[in-house]
Amino acid sequence: MNSPDDLGFAPPPFDADNALVAIKRALRDLKLGERGNAYELRGKRVVELAVDGAAISAKLARRPMLRPEWDRLAVKSAADQRKLLDEVKKRLARWEQEE
């Protein structure tokens, strides 16, 4: 049964394949170079993506280095997708300021 709070609406199911396409497009729009399943900033890997069942497994570099330390994120919903892209934008802005 539906609870009185949800008014009969449910979010659409998460489609990892379509979300991956949208994330890749957004990363290219941020001027990151695509190399296989990874995205680079000036030749240094900063994002790696992989479909893991019904979710997307993402690794985000803490700093752009040849061998970076990674933060791992799981994208299981549209909200997680927005959080990943917001985090990438924040880190790119921070890295630009640090240079």
Side-chain angles (χ1 to χ4, degrees):
M1 292 288 315
N2 292 339
S3 72
D5 295 333
D6 69 8
L7 301 175
F9 294 104
F14 183 69
D15 184 353
D17 293 324
N18 284 339
L20 183 63
V21 170
I23 292 169
K24 286 182 173 186
R25 185 180 315 116
L27 293 175
R28 286 191 302 267
D29 289 347
L30 292 171
K31 307 297 186 226
L32 295 177
E34 183 175 7
R35 187 167 300 212
N37 67 339
Y39 288 81
E40 299 178 343
L41 177 67
R42 292 185 214 85
K44 297 175 184 165
R45 284 187 175 210
V46 293
V47 179
E48 290 184 4
L49 302 170
V51 175
D52 185 20
I56 298 170
S57 173
K59 292 187 340 184
L60 185 55
R62 292 184 182 162
R63 289 204 164 86
M65 302 168 62
L66 291 177
R67 296 186 186 263
E69 292 180 23
W70 297 100
D71 290 328
R72 297 179 186 276
L73 303 168
V75 179
K76 299 178 185 176
S77 67
D80 291 340
Q81 181 178 343
R82 287 188 300 274
K83 287 178 191 175
L84 169 66
L85 293 174
D86 288 345
E87 185 62 30
V88 170
K89 290 175 187 176
K90 279 195 279 187
R91 290 185 190 201
L92 287 172
R94 186 180 75 221
W95 296 335
E96 287 294 321
Q97 282 184 337
E98 289 175 356
E99 290 184 353

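As the structure is a prediction and not an experimental result, all values here were calculated from the model.
In this structure, the side chain to side chain contact (heavy atoms under 4.5 Å, CB included) partners of Asn37, at least two apart in sequence or on a different chain, are Arg45. With sequence neighbours excluded, the residues satisfying side chain to side chain contact (heavy atoms under 4.5 Å, CB included) with Ala79 are Ser77, Arg82. Evaluation of the side chain to side chain contact (heavy atoms under 4.5 Å, CB included) rule for Arg35 yields Glu40 as partners, not counting sequence neighbours. When the salt bridge (Lys or Arg N to Asp or Glu O under 4.0 Å) test is applied to Lys90, the partners found at least two apart in sequence or on another chain are Glu87.
The side-chain hydrogen bond (donor to acceptor under 3.5 Å, both in side chains) contacts involving residues 19-29 comprise Arg28-Glu34, where partners must be two or more places apart or lie in separate chains. Sequence neighbours left out, the pairs with a member in residues 49-59 that pass side-chain hydrogen bond (donor to acceptor under 3.5 Å, both in side chains) are Glu48-Lys59.
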Margin query: side chain to side chain contact (heavy atoms under 4.5 Å, CB included) for Asp80 and Leu73? Distances and angles first, verdict last.
Written below: CA-CA 9 Å; Asp80 291 340; Leu73 303 168; over 6 Å; no
Notebook entry, point to check: Should Leu49 and Val75 be marked as a side chain to side chain contact (heavy atoms under 4.5 Å, CB included) after you check the CA-CA gap, both sets of side-chain angles, and the distance that decides it?
Noted result: CA-CA 10 Å; Leu49 302 170; Val75 179; over 6 Å; no
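Within a 6.0 Å sphere centred on CZ of Arg94, heavy atoms belonging to other residues, nucleotides or ligands number more than 12.
Interatomic distance, CG of Leu20 versus CD1 of Ile56, reported as 5.0 Å (0.5 Å rounding).
Listed for the Trp70 side chain is no donor-acceptor partner under 3.5 Å among the backbone atoms of Ala58.
Nearest heavy-atom pair across Ala61 and Pro68 is CB-CB, 3.7 Å.
One hydrophobic cluster holds both Leu84 and Val51 under the rule that ILVMFWY side chains link at heavy-atom gaps under 4.5 Å.
Contact of the Arg63 side chain with the Arg91 side chain is not registered, since no non-hydrogen atoms from C-beta on lie closer than 4.5 Å. A heavy-atom distance below 4.5 Å is found between the side chains of Trp95 and Val46. No side-chain heavy atom of Leu30 sits under 4.5 Å from any side-chain heavy atom of Tyr39.
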